[in-house]
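Below: one structure, written as structure tokens.
No experiment lies behind these values; they were computed from the predicted model shown. Just so we're on the same page: letters track the sequence lines, and every chain starts at 1.
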Amino acid sequence: MSKGLPKRSEDYSLWYNELVKRADLAENSPVRGCMVIKPYGYSIWEKMQAQLDKMFKETGHTNAYFPLFIPKSYLSKEASHVEGFAKECAVVTHYRLKNSEDGKGVVVDPDAKLEEELIVRPTSETVIWSTYKNWIQSYRDLPLLVNQWANVVRWEMRTRLFLRTAEFLWQEGHTAHASKQEAIDETVQMMNVYAEFAEKYMAVPVIKGVKSANERFAGAEDTYCIEAMMQDGKALQAGTSHFLGQNFAKAFDVKFATKEGALDYVWGTSWGVSTRLMGALIMAHSDDNGLVLPPKLAPIQVVIVPIYKGDDELDRISDKAKEIIAKLRAKGITVHYDHRDTHKPGWKFAEYELKGVPLRIAMGPRDLENNTIELARRDTLTKETINLNDVEIDAYVEALLEKIQESIYQKALNFRNEMTTEANSWEEFEDLIENKGGFLSAHWDGTTETEEKIKELTKATIRCIPIDQKAEEGKCILSGKPSKGRVLFARAY
RNA sequence: CGGGGUGUAGCGUAGCCCGGUAUCGCGCCACAUUUGGGAUGUGGAGGUCGUAGGUUCGAAUCCUGCCACCCCGACCA
């Protein structure tokens with residue numbers, strides 16, 4: 001491994017790609033657009049999963065699993081859904097291979113053609129709603145609150161590790177309700193769960209909002225989202241929650257008997273976050289030295305590096321380190337003691353910085369003598385020497401980790417606020433999008449036509465209509481037609 | 001999927017124009033000296049030059065197809 005990462009200021013994309021590989025998060029696979037998530041990267045994803053799963057359970061959801069393959073005909077049952085996904089579906093046409101004529105490999109056996117071709121799920125609404133038809137008869141069967149953790153495939157033209165891959169991991173919640181309002185409440189609730197997760201665990205501030213018709217999920221009545229700001233001034237959609245109305249219920253004929261004895265279609269929602277969150281996490285906090293992980297998602301929260309000459313010294317330091325490790329673990333803190341003699345301390349320091357470990361403790365002979373340790377923070381790159389006679393190390397570290405979590409969030413929030421600008425004229429809008437980036441808060445006349453024109457002219461899209469949008473009379477930035485509030489524009493991933 | 005670029009040891013590269021069996025650095029292995037911010041020395045291992053064909057006495061080098069990756073468009077979570 002060569003030293004030094006590319007600089008963010010010089011080539012942000014290159015910095016990101018290199019960081020993902022060097023920090024052992026993921027690498028490309030032999031198949032175009034797919035990725036291998038390496039153990040360290042997967043550990044972070046597992047921590048995200050664990051927390052999200054807990055939050056889903058707390059809001060009444062249960063996990064289930066639906067199959068990878070979907071009959072091709074299912075996709076076309078909901079018109080706008082097929083329109084949205086047809087272009088990027090992987091299709092299974094055969095079920096057998098055979099040895100090739102020249103004996104040099106295997107070929108698809110033409111005799112093993114499937115009667116009905118299968119698509120690899122790009123999302124599971126169709127299979128799930130076809131199943132729900134059998135599960136729901138009465139209002140007593142509702143609400144149905146199901147989530148699944150799964151992989152999906154979307155045959156993307158242009159891919160990037162974590163941000164857009166042909167196959168990705170995610171969770172998809174699919175719920176059915178007896179009333180419209182209840183389904184809308186569910187949709188909003190899950191957006192709020194995502195926002196809370198992003199802010200409290202990932203330390204990434206997000207804007208909650210509703211998508212314009214143009215950006216809406218294929219098959220939804222409304223798409224709610226959380227939008228995050230990356231360090232290069234581009235926006236990233238971090239999670240979506242869809243109010244499906246009765247669209248899928250109608251497409252798959254899912255009716256229920258109401259309390260009053262009438263027959264009605266059920267109301268649906270779906271919501272998801274994916275391994276794309278990994279990309280958001282990386283791009284929101286990391287620096288030119290490597291990853292910066294929020295303590296709540298860091299696979300290793302504290303690393304202890306002994307500095308020693310000879311086995312005797314190592315033994316004495318290890319004795320002391322073990323006491324500290326035991327105390328920290330008792331507090332539920334994840335500690336790694338790296339006493340390998342195959343690498344020098346300086347090498348380890350750089351390595352753990354690259355991997356984003358929030359806190360590093362160094363202990364050498366001088367520390368042993370003075371009963372001190374050196375504490376180094378990853379987020380600020382600052383060091384302090386702590387006298388163990390003066391502080392309770394476990395409580396101190398616990399508090400410091402919390403402080404780091406908060407400080408990373410504040411830094412990202414300050415950045416996001418600096419990068420959110422009101423644009424009041426078209427000239428200003430063009431100048432800001434080109435030279436500053438970030439979110440532009442501007443008036444829009446509400447038409448798809450204007451939205452597309454703006455995209456064509458500036459590559460900026462409407463990220464969302466913020467939930468907390470203030471009523472304000474104004475004129476559309478492009479068309480000059482009347483508008484009742486500002487929406488957020490940005491160039492986006 | 002369109003335009004441009006790249007592919008040589010685990011990683012980064014020279015060589016390609018002008019054809020003759022592959023250069024350098026990092027990493028890896030062994031030993032010694034080292035250890036408070038990516039150690040040093042000595043010795044060593046590792047390559048069907050992305051892949052499949054073609055031209056040639058001979059191909060990393062020339063020609064064609066394919067694959068992958070990067071950048072810019074279109075598409076998208």
Side-chain angles (χ1 to χ4, degrees), chain A residues 1-6 11-14 16-18 21-22 27-35 83-88 102 104-105 122-123 152-172 194 211 214-218 223 225-228 235-242 270-280 289-290 305-311 313-314 317 339-354 360-370 372-374 376 381 383 385 455-456 459 461 463 492-493:
Chain A
M1 188 186 296
S2 60
K3 288 188 209 173
L5 217 49
D11 190 337
Y12 195 82
S13 303
L14 186 64
Y16 175 83
N17 292 337
E18 283 294 306
K21 287 177 201 159
R22 297 236 203 132
E27 60 190 38
N28 284 300
S29 82
V31 178
R32 173 196 164 76
C34 293
M35 68 175 162
E83 170 114 8
F85 287 107
K87 296 183 292 288
E88 49 190 41
D102 62 11
K104 283 183 181 166
T123 179
V152 286
V153 169
R154 296 180 190 175
W155 217 260
E156 298 289 350
M157 288 300 137
R158 209 171 148 186
T159 59
R160 292 190 75 190
L161 292 170
F162 290 120
L163 296 174
R164 183 171 299 109
T165 45
E167 179 195 14
F168 57 92
L169 305 185
W170 77 346
Q171 61 61 221
E172 44 180 326
Y194 288 155
K211 287 292 186 189
N214 216 27
E215 301 275 328
R216 193 180 288 154
F217 174 74
T223 288
C225 63
I226 55 169
E227 291 284 328
L236 184 106
Q237 178 175 302
T240 48
S241 183
H242 315 290
S270 68
W271 28 274
V273 293
S274 71
T275 36
R276 182 178 234 209
L277 288 179
M278 294 285 292
N289 292 316
V305 178
I307 296 156
Y308 61 94
K309 288 178 197 167
D311 288 345
E313 202 163 86
L314 175 61
I317 293 169
H339 60 275
R340 289 178 296 174
D341 63 356
T342 49
H343 296 282
K344 298 189 40 154
W347 189 92
K348 293 177 186 174
F349 293 173
E351 180 71 4
Y352 290 110
E353 271 163 21
L354 179 62
R360 180 183 73 231
I361 295 176
M363 296 172 67
R366 286 209 300 271
D367 294 304
L368 221 47
E369 216 167 284
N370 303 323
T372 57
I373 54 166
E374 182 191 78
L381 295 169
K383 291 191 251 194
T385 300
K455 183 179 178 184
E456 193 187 314
K459 293 180 205 159
T461 50
R463 299 322 303 154
Y493 278 99

The side chain of A:E353 lies closest to which of these nucleotides: B:G36, B:G37, B:A74? B:G37

Salt bridge flag under 4.0 Å for residues A:R22 and A:E18: yes

Which of the following nucleotides, B:G36, B:G37, B:C70, is nearest to the side chain of A:N17? B:C70

Atom OH of A:Y308 and atom P of B:A39: how far apart are they, to the nearest Å? 14 Å

Please determine, for the side chain of A:R158, which listed nucleotide (B:C76, B:C71, B:G36) has the closest atom? B:C71

Would you mind reading off the distance between A:R160 atom CZ and B:G73 atom P, rounded to a whole angstrom? 13 Å

Walking RNA chain B from its 5' end, the first of A:G310 and A:A350 to be reached, judged by nearest nucleotide, is A:G310

Find the distance A:H343:NE2 to B:G27:P and express it as a whole number of Å. 11 Å

Scan A:L163 against the nucleic acid and name what it touches under 4.0 Å (heavy atoms): base, sugar-phosphate only, or nothing. base

Does any donor-acceptor pair link the side chain of A:K383 with the base of B:G37 at a separation under 3.5 Å? yes

Do side-chain atoms of A:N17 reach the backbone of A:L14 as a donor and acceptor pair under 3.5 angstrom? no

Base, sugar-phosphate, or nothing: which does A:Q237 touch, judged by heavy atoms less than 4.0 Å apart? sugar-phosphate

May I ask you to say what A:G279 touches in the nucleic acid, namely base, sugar-phosphate or nothing, with a heavy-atom cut-off under 4.0 Å? nothing

Closest to side chain of A:K459, choosing from B:C72, B:C76, B:G38: B:C72

Looking only at the side chain of A:S13 (C-beta and beyond, no hydrogens), which of the listed nucleotides B:C75, B:C71, B:C69 gets closest? B:C71

In whole Å, what separates the P atom of B:G19 from that of B:A30? 44 Å

CZ of A:R32 versus C1' of B:C69: gap in Å, rounded? 9 Å

In whole Å, what separates the C1' atom of B:G50 from that of B:A68? 8 Å

Give me the atom names and distance for the closest heavy-atom approach of A:K348 to A:V305. CD-CG1, 3.8 Å

Which distance, rounded to the nearest 0.5 Å, do you find between the CE of A:M35 and the OG1 of A:T159? 10.0 Å

Under 4.0 Å, counting only non-hydrogen atoms across every strand here, what does A:Y493 touch: a base, just sugar-phosphate, or nothing? nothing

Could you measure the distance from the NE2 atom of A:H339 to the CD1 atom of A:I317? Nearest 0.5 Å is fine. 12.5 Å

Is any side-chain nitrogen or oxygen of A:K348 closer than 4.0 Å to OP1 or OP2 of B:U35? no

Quantified in whole Å, what is the C1' atom distance between nucleotide B:A74 and nucleotide B:G7? 26 Å

About how many Å separate CD1 of A:I373 and CG of A:L368, when rounded to the nearest 0.5 Å? 12.5 Å

Integer-rounded Å distance: B:A68 C1' and A:M157 CE: 15 Å

What's the spacing between A:T275 OG1 and A:L161 CG if we round to 0.5 Å? 10.5 Å

What contact category does A:D341 fall into here, base, sugar-phosphate, or nothing, at under 4.0 angstrom with non-hydrogen atoms? nothing

Roughly how far apart, to the nearest Å, are B:A9 and B:U48 at atom P? 9 Å

For the P atoms, the ones on B:C49 and on B:U8, what distance do you get once it is rounded to whole angstrom? 12 Å

Short side-chain N/O contact to B:C75 OP1/OP2 from A:K87, under 4.0 Å: no

Using the C1' atom in both, what is the distance from B:U55 to B:G10, to the nearest Å? 35 Å

A:F349 side-chain proximity, nearest of B:G37, B:G73, B:G36: B:G37

Show me the dot-bracket string of RNA chain B, counting Watson-Crick or G-U pairs under 3.5 Å, with | for pairs to another strand and [ ] for crossing ones. ((((((((.[[[..)....(...]]].((((((.....)))))).....[[[[[..)....]]]]])))))))....

Taking atom P of B:C69 as reference, at what distance in whole Å does atom CD of A:E27 sit? 13 Å

Between CZ of A:R360 and C1' of B:G36 the distance, given in whole Å, is 10 Å

If I take atom CZ from residue A:R164 and atom CZ from residue A:R158, how far apart are they, to the nearest 0.5 angstrom? 9.0 Å

Given RNA chain B, 5'-ward residue of the pair A:P345 and A:T165, judged by closest heavy atom: A:P345

Can you tell me the distance, in whole Å, between the CG atom of A:N289 and the C1' atom of B:G37? 11 Å

Picking from A:Q237, A:R216, A:H242, what satisfies side chain to side chain donor-acceptor pair (under 3.5 Å) with A:T223? A:H242

Taking B:A14 as the reference, what is the distance to B:U23 when you measure between their C1' atoms (whole Å, please)? 5 Å

I need the A:E167 CD to A:R154 CZ distance, nearest 0.5 Å. 12.5 Å

Between B:A22 and B:G4, how far apart are the two C1' atoms, rounded to whole Å? 29 Å

Would you mind classifying the nucleic acid contact of A:T240 as base, sugar-phosphate or nothing, using non-hydrogen atoms under 4.0 angstrom? nothing

